[in-house]
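In the text below, chain A, chain B and the rest are named by the order of the sequence lines, each starting its count at 1. FYI, side chains are in, hydrogens and waters are out, and symmetry mates aren't considered; it's all heavy atoms of this structure.
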Protein chains: 2
Amino acid sequence: MAAEHVARDADIAPVAALIADPTRAAILTALLGGRALAAGELARLAGVSAATASAHLSRLLDGGLVDVVRQGRHRYYRLAGHEVAEVLEVLARVGTRPPVRSLRQSRQARLLEEARTCYDHLAGRAGVGLLDQLRAGGHLDGEEVTPAGERLLARLGVDVTAARRARRRFAPECLDWTERRAHLGGALGAAVTGALLDLGWYVRGPVPRAVTLTDEGRGGLAALFSGKELTSHTPVT
Amino acid sequence: MAAEHVARDADIAPVAALIADPTRAAILTALLGGRALAAGELARLAGVSAATASAHLSRLLDGGLVDVVRQGRHRYYRLAGHEVAEVLEVLARVGTRPPVRSLRQSRQARLLEEARTCYDHLAGRAGVGLLDQLRAGGHLDGEEVTPAGERLLARLGVDVTAARRARRRFAPECLDWTERRAHLGGALGAAVTGALLDLGWYVRGPVPRAVTLTDEGRGGLAALFSGKELTSHTPVT
DNA sequence: GCCATGCTTCGACGGGGCCCGAAACGTCCG
DNA sequence: CGGACGTTTCGGGCCCCGTCGAAGCATGGC
């Protein structure tokens, strides 16, 4: 008896197989932010050679999980649609279930949930909170920096004009997978995060993507957002 | 303590790898009906030897995707929870549905499109229609059951309060991958579907996840939704 | 007790997929 | 036009994983 088989559902195995490889999973997770990333960046993020990443991207491509857009000598890849993102999120919800084994891992997990870099900008509770504060304070309106925002960012040492000229999107929202809310991405997000690290307000720790708020940073951010300016002129927009 | 990988993102790859094998995917899909099936039965359904199926089930087990309950010399496996069912459904939505080949398969496919169980609640045209009618009749408002809805469900024998206490979401929409519209899921969806089966209004058929509407069910549902209360002993609200 | 039945473990076999370095291809820039 | 850079293709090495038959444990019936 040949395996006579009953009613076909959509076969889920091939799709799952595409996600099953750790490197491809890393690539897809990196793309979860919604931004399109170049092949080289993805290779670096996933920790494999360009050749390997290229092979993976090729498979993801004709598996229909990612799209590609050619731009000059770069190829920017992004998730093929929101359904793909959904799959990844639902999968992540099941995958985290065997939660944490060692105390050490749980400490690291908490660190990452609190504050980490998402490629080159700040994510986690800290990242989401930062975006909230910028919006609430009227420093950021949609994707645009307000005059008040310009002043605030200048005090951080952020070169907003340079960020505006960058070839990537200026200030897109980047969806945070632990908080399920947006944090600040793009050129501006990277610039702000760079400034925060330069000022020593956040420092990188031993855990790969984790960053931690220093006492100096806590004070600095409080002063920055407190309305009370350290300097004289208070913006009265 | 070599290769102690540092706190990763929710690692979706291992879970995906469990689903990625065609045999395991077949097993999981078979379990999507919500019933617990014996290991031997699953082996036959998947078209592999008992030894092979056993190995797969073992991996699914400590991957946390299935539960097992021993009963005599049988071991009945079932999906570990509705989250797992969700993953499979979402995955199916992305997967390419291969075209139907044989007449027999097409008949079965039509059955499944008409009415089937989605893990433990009703899906297909019947499921979508049911949700529509509940909404249209003012029995369900968003995720909440209205007073009118309480009365209607009571007549079906559904214990709404029990469903409310369940640890899963009460009445979430579950996207139907054949209809591409929502049907009723969650604790309430399961309870209603259970009631419909208990009443004999729907019966399970030979095709794994398919259910069919009985004449009695047709009449019952018509009466239920017609505003006109059912025959004799029906206390008028 | 003893055998039948359901399921799991063991050992061995075969295939597919992941990885990289090197080289080819394309594009941008001086 | 030539050199630098990003990306893909090619070739080869390696390991993991799915598969089965046969033997080992359980359980239930008689």
Side-chain angles (χ1 to χ4, degrees), chain A residues 1-3 5 11-31 35-63 65-78 119 165-168, chain B residues 2-3 5 11-31 35-63 65-78:
Chain A
M1 74 149 189
H5 245 291
D11 46 354
I12 60 182
V15 192
L18 285 175
I19 312 177
D21 177 73
T23 300
R24 284 195 294 267
I27 289 176
L28 291 170
T29 303
L31 292 174
R35 299 205 322 274
L37 297 176
E41 285 177 274
L42 290 170
R44 195 178 52 78
L45 284 172
V48 295
S49 75
T52 301
S54 178
H56 285 307
L57 287 169
S58 162
R59 296 190 56 179
L60 289 174
L61 196 57
D62 60 43
L65 282 143
V66 302
D67 271 345
V68 65
V69 40
R70 304 183 44 160
Q71 202 168 318
R73 49 184 168 184
H74 297 264
R75 296 199 183 175
Y76 291 96
Y77 288 88
R78 62 178 182 192
Y119 181 42
R165 277 197 307 267
R167 268 186 323 185
R168 47 201 287 208
Chain B
H5 50 40
D11 40 2
I12 60 182
V15 193
L18 284 177
I19 312 177
D21 176 74
T23 301
R24 283 195 295 267
I27 289 175
L28 291 170
T29 304
L31 291 174
R35 294 212 319 274
L37 298 175
E41 209 168 348
L42 289 170
R44 196 181 50 79
L45 283 172
V48 295
S49 76
T52 301
S54 178
H56 285 307
L57 288 169
S58 162
R59 296 189 57 177
L60 290 174
L61 196 58
D62 61 44
L65 265 64
V66 301
D67 271 346
V68 65
V69 41
R70 305 182 44 159
Q71 209 167 68
R73 47 187 170 185
H74 297 265
R75 296 197 183 177
Y76 290 98
Y77 288 86
R78 61 177 182 193

Please work out if A/Tyr77 contacts a base, only the sugar-phosphate, or nothing of the nucleic acid, heavy-atom cut-off 4.0 Å.
sugar-phosphate

Check: A/Ala39 main-chain N/O paired with A/Arg75 side-chain donor or acceptor under 3.5 Å:
no

Categorize B/Ala53 for me: base, sugar-phosphate, or nothing, with a 4.0 angstrom heavy-atom threshold over every strand shown.
nothing

Are the side chain of A/Arg24 and the backbone of B/Ala13 linked by a donor-acceptor contact shorter than 3.5 Å?
no

Base, sugar-phosphate alone, or nothing: which one does A/Ala50 contact when heavy atoms must sit under 4.0 Å apart?
base

Would you indicate, yes or no, if D/dG6 has its OP1 or OP2 atom less than 4.0 angstrom from a side-chain nitrogen or oxygen of A/Arg70?
no

Rounded at 0.5 Å granularity, tell me how far CG in B/Asp62 sits from CG in B/Leu57.
11.0 Å

Whether B/Ser58 side chain and B/Ser54 backbone form a donor-acceptor pair below 3.5 Å:
no

A/Tyr76 OH - D/dG6 P separation (whole Å):
11 Å

Can you tell me if the side-chain N/O atoms of B/Thr52 get under 4.0 Å from OP1 or OP2 in D/dT19?
no

Whole-Å distance separating the NE2 atom of A/His74 from the C1' atom of D/dT7
10 Å

Between atom CZ in B/Arg44 and atom P in D/dC20, what is the gap in whole Å?
15 Å

Taking side chain to side chain contact (heavy atoms under 4.5 Å, CB included) as the criterion, tell me which of B/Val68, B/Asp67, B/Val69 meets it with B/Tyr76.
B/Val69

Is B/Thr23 close enough to D/dT19 that one of its side-chain N or O atoms is under 4.0 Å from OP1 or OP2 there?
yes

Does D/dT19 have OP1 or OP2 sitting under 4.0 Å from an N or O in the side chain of B/His56?
yes

Which listed nucleotide (D/dC20, D/dT8, D/dG18) is nearest to the side chain of B/Ala51?
D/dC20

At under 4.0 Å between heavy atoms, what does B/Ala38 touch on the DNA or RNA strands: base, sugar-phosphate, or nothing?
sugar-phosphate

Opening and closing nucleotides of DNA chain C in contact with chain B, under 4.0 Å to non-hydrogen atoms:
C/dA4 to C/dT9

Length of the CD-C1' vector between A/Glu41 and D/dC5, whole Å:
14 Å

Exactly one of B/Leu42, B/Ile27, B/Leu37 clears side chain to side chain contact (heavy atoms under 4.5 Å, CB included) with B/Tyr77, and that residue is B/Leu42

For A/Gly72 and B/Arg75, find the nucleotide of DNA chain C closest to each by heavy atoms; which residue's nucleotide sits nearer the 5' end?
B/Arg75

Residue pair B/Asp11 / B/Val15: nearest heavy atoms and the distance that separates them:
O-CG2, 4.1 Å

